There are 2 protein chains.
Amino acid sequence: MFSKTCEYAIRALIFIAQKTKDGDRIGIKEIAKGIDSPEHFIAKILQDLSKKGILQSAKGPTGGFYLDKASRKQSLASIVRAVDGDKIFQGCGLGLKQCSETKPCPIHHEFKKVRKDLLQILENAKVGALTDALENSMVFLKR
Amino acid sequence: MFSKTCEYAIRALIFIAQKTKDGDRIGIKEIAKGIDSPEHFIAKILQDLSKKGILQSAKGPTGGFYLDKASRKQSLASIVRAVDGDKIFQGCGLGLKQCSETKPCPIHHEFKKVRKDLLQILENAKVGALTDALENSMVFLKR
DNA sequence: GAAAATTATGTTTTCAAAGACTTGTGAATA
DNA sequence: TATTCACAAGTCTTTGAAAACATAATTTTC
Ligand code: FES
Ligand code: FES
């Protein structure tokens, strides 16, 4: 569904949101452990995303990654868009060059609904809102 | 969503279904043109699938690919399973090693619904049933 | 013997991951 | 106050594997 890169990115962002509620910062090593991802790989992903303003970072001692107020209100959809683009939200399910209402593929009408549902889920899921469930161990970022 | 391989496979199967309604057979070159795919690539895909019994083939002059009665009743879901496996139907949306009800990821409950809808669409779409819409130019396999 | 799928093999591109090196920054220290 | 030092992100390069696509030889069957 999503690329590996994108999966790691979402997990990481939620993890960071939980760990930096009180203005703390968190290092790359701890993030990698916390979401069970390759350290160098997630490092690169987060660096790209911080350039794009999806999350914040600080160098030096006491440095690390964190999320400001605005970033916390962000939806998972915007993360997906930043990483994988919007192919998943707009592209044709059967790989036609362009999804089109007037020249649809055989599953266009049904597929459109799935895409829309998926988009809605991701739009509604705000990064900062998922931390409570995490702390109560109702959901997990690794297993 | 699906792999390129899988997209080609679905398009090809629907195309073959339409072109071999009356016991005809159709060659690889015509298929490649009909669905706008790389000729050698789709050839390999179809050969794999014919080994698995998803479609039928015959060598020699007047040979080609075709679909028997049973294959026509097949759903798109079984094609997807044969090509991409059932990761898309069962795997965790955030890439956890295993999707689980007891240790779910943050979007598990919502995501499950999307997966289920997708599965249903693909189960309901039978290869042989899509040919009419194709012939009436209500749907397309390339553009 | 010609037309078709089949098999085997090779190339290119993309994705995932790892490693080494660089830059910036806060804090200790002289 | 200026210097140094250690820490942590940032950048660049390389490796590995899989997916996507291409070429050539082979087999089957009419
Ligand atoms: S044309 Fe295929 S999903 Fe819209
Ligand atoms: S655990 Fe992530 S989708 Fe079920």
Side-chain angles (χ1 to χ4, degrees), chain A residues 1-13 16 19-20 23-68 80 83-85 87-88 94-95 97, chain B residues 1-12 16 19-20 23-33 35-67 80 82-85 87-88 94-95 97:
Chain A
M1 184 79 72
F2 308 124
S3 69
K4 218 74 187 142
T5 303
C6 191
E7 290 174 357
Y8 287 143
I10 296 175
R11 305 223 303 270
L13 268 281
I16 296 170
K19 292 292 186 184
T20 65
D24 299 334
R25 292 161 183 179
I26 183 171
I28 199 69
K29 283 191 288 286
E30 200 176 338
I31 296 171
K33 271 184 202 165
I35 66 169
D36 191 24
S37 76
E39 189 180 320
H40 291 96
F41 193 26
I42 190 64
K44 198 181 162 193
I45 297 168
L46 292 182
Q47 276 142 25
D48 287 350
L49 289 179
S50 85
K51 244 189 284 186
K52 292 181 183 169
I54 306 285
L55 81 162
Q56 286 68 48
S57 67
K59 284 184 171 183
T62 77
F65 293 91
Y66 62 100
L67 292 169
D68 62 22
V80 172
V83 178
D84 282 351
K87 195 185 136 199
I88 189 124
L94 294 190
K97 291 200 182 78
Chain B
M1 183 81 69
F2 308 124
S3 70
K4 219 79 185 135
T5 303
C6 191
E7 291 174 356
Y8 288 143
I10 295 175
R11 305 222 301 269
I16 297 170
K19 292 291 185 185
T20 66
D24 300 335
R25 290 159 186 182
I26 183 170
I28 199 69
K29 280 191 289 283
E30 200 175 336
I31 296 171
K33 270 184 201 165
I35 67 169
D36 192 25
S37 74
E39 187 181 320
H40 296 95
F41 193 26
I42 190 64
K44 199 178 168 188
I45 296 169
L46 292 181
Q47 278 141 26
D48 287 350
L49 289 180
S50 87
K51 243 187 285 184
K52 291 181 183 170
I54 306 285
L55 81 164
Q56 285 68 49
S57 66
K59 284 182 169 183
T62 78
F65 294 91
Y66 63 100
L67 291 170
V80 173
V83 178
D84 281 351
K87 195 187 138 198
I88 189 123
L94 293 190
K97 293 201 181 79

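All chains are named by letter (A, B, ...) in the order of the sequence lines, taking the proteins before the strands, and each is independently numbered beginning at 1. It should be emphasised that the depicted structure is a prediction, and the values quoted were computed from it without experimental measurement.
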Rounded distance (nearest 0.5 Å) linking atom [atom1] of [X] with atom [atom2] of [Y]:
X: B/Asp84; Y: B/Met1; atom1: CG; atom2: CE; answer: 11.5 Å
X: A/Ile26; Y: A/Thr20; atom1: CD1; atom2: OG1; answer: 7.5 Å
X: A/Leu46; Y: A/Ser37; atom1: CG; atom2: OG; answer: 8.0 Å
X: A/Arg25; Y: A/Ile16; atom1: CZ; atom2: CD1; answer: 13.0 Å

Review point. Below 4.5 Å, heavy atoms only, C-beta onward: do A/Lys19 and A/Asp24 meet side chain to side chain?
Key: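 No - every pair of side-chain heavy atoms lies 4.5 Å or more apart.
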Check your understanding: How would you list, by chain and number, every residue that makes a ring-ring contact (aromatic ring centres under 6.0 Å, His included) with B/Tyr8, sequence neighbours excluded?
Key -> B/Phe41
Review point. Who passes salt bridge (Lys or Arg N to Asp or Glu O under 4.0 Å) against A/Lys87, sequence neighbours left out?
Key: none
Point to revise | Set of salt bridge (Lys or Arg N to Asp or Glu O under 4.0 Å) partners for A/Lys29, sequence neighbours left out | key: none
Shortest non-hydrogen contact between [X] and [Y], atoms and distance:
X: A/Ile42; Y: A/Ala12; result: CD1-CB, 3.8 Å
X: A/Ala9; Y: A/Leu49; result: CB-CD1, 3.9 Å
X: A/Glu7; Y: A/Phe2; result: OE2-O, 3.8 Å

Expected rows: protein N/O vs nucleotides 27-30 of chain D N/O, under 3.5 Å:
residue : atom : partner : partner atom : Å
D/dT28  : O4'  : B/Lys59 : NZ           : 3.4

Practice item. May I ask you to list the residues of residues 24-56 of chain A, by number, that have any heavy atom positioned under 4.0 Å from an atom of DNA chain C? Key: A/Pro38, A/His40, A/Phe41
May I have the list of side-chain donor-acceptor pairs in residues 50-58 of chain A shorter than 3.5 Å, sequence neighbours left out?
residue : atom : partner : partner atom : Å
A/Ser50 : OG   : A/Gln47 : O            : 3.2
A/Lys52 : NZ   : A/Ala82 : O            : 2.8
A/Gln56 : OE1  : A/Asp68 : N            : 2.9
A/Gln56 : OE1  : A/Ser71 : OG           : 3.1
A/Gln56 : NE2  : A/Asp68 : OD2          : 3.4
A/Gln56 : NE2  : A/Ser71 : OG           : 3.2

Check nucleotides 15-18 of chain D against the protein and report each pair of N or O atoms closer than 3.5 Å, with its distance, or say if there are none.
none

Looking at residues at least two apart in the chain, or sitting in another chain, which of them share a side-chain hydrogen bond (donor to acceptor under 3.5 Å, both in side chains) with [X]?
X: B/Asp48; value: none
X: A/Asp36; value: B/Lys97
X: A/Thr62; value: none

Point to revise | Any residue of residues 1-10 of chain A with a heavy atom less than 4.0 Å from an atom of DNA chain D | key: none
Check your understanding: 5' to 3' on DNA chain C, which nucleotides open and close the contacts with chain A (atom under 4.0 Å from a heavy atom)?
Key -> C/dA16 to C/dG26
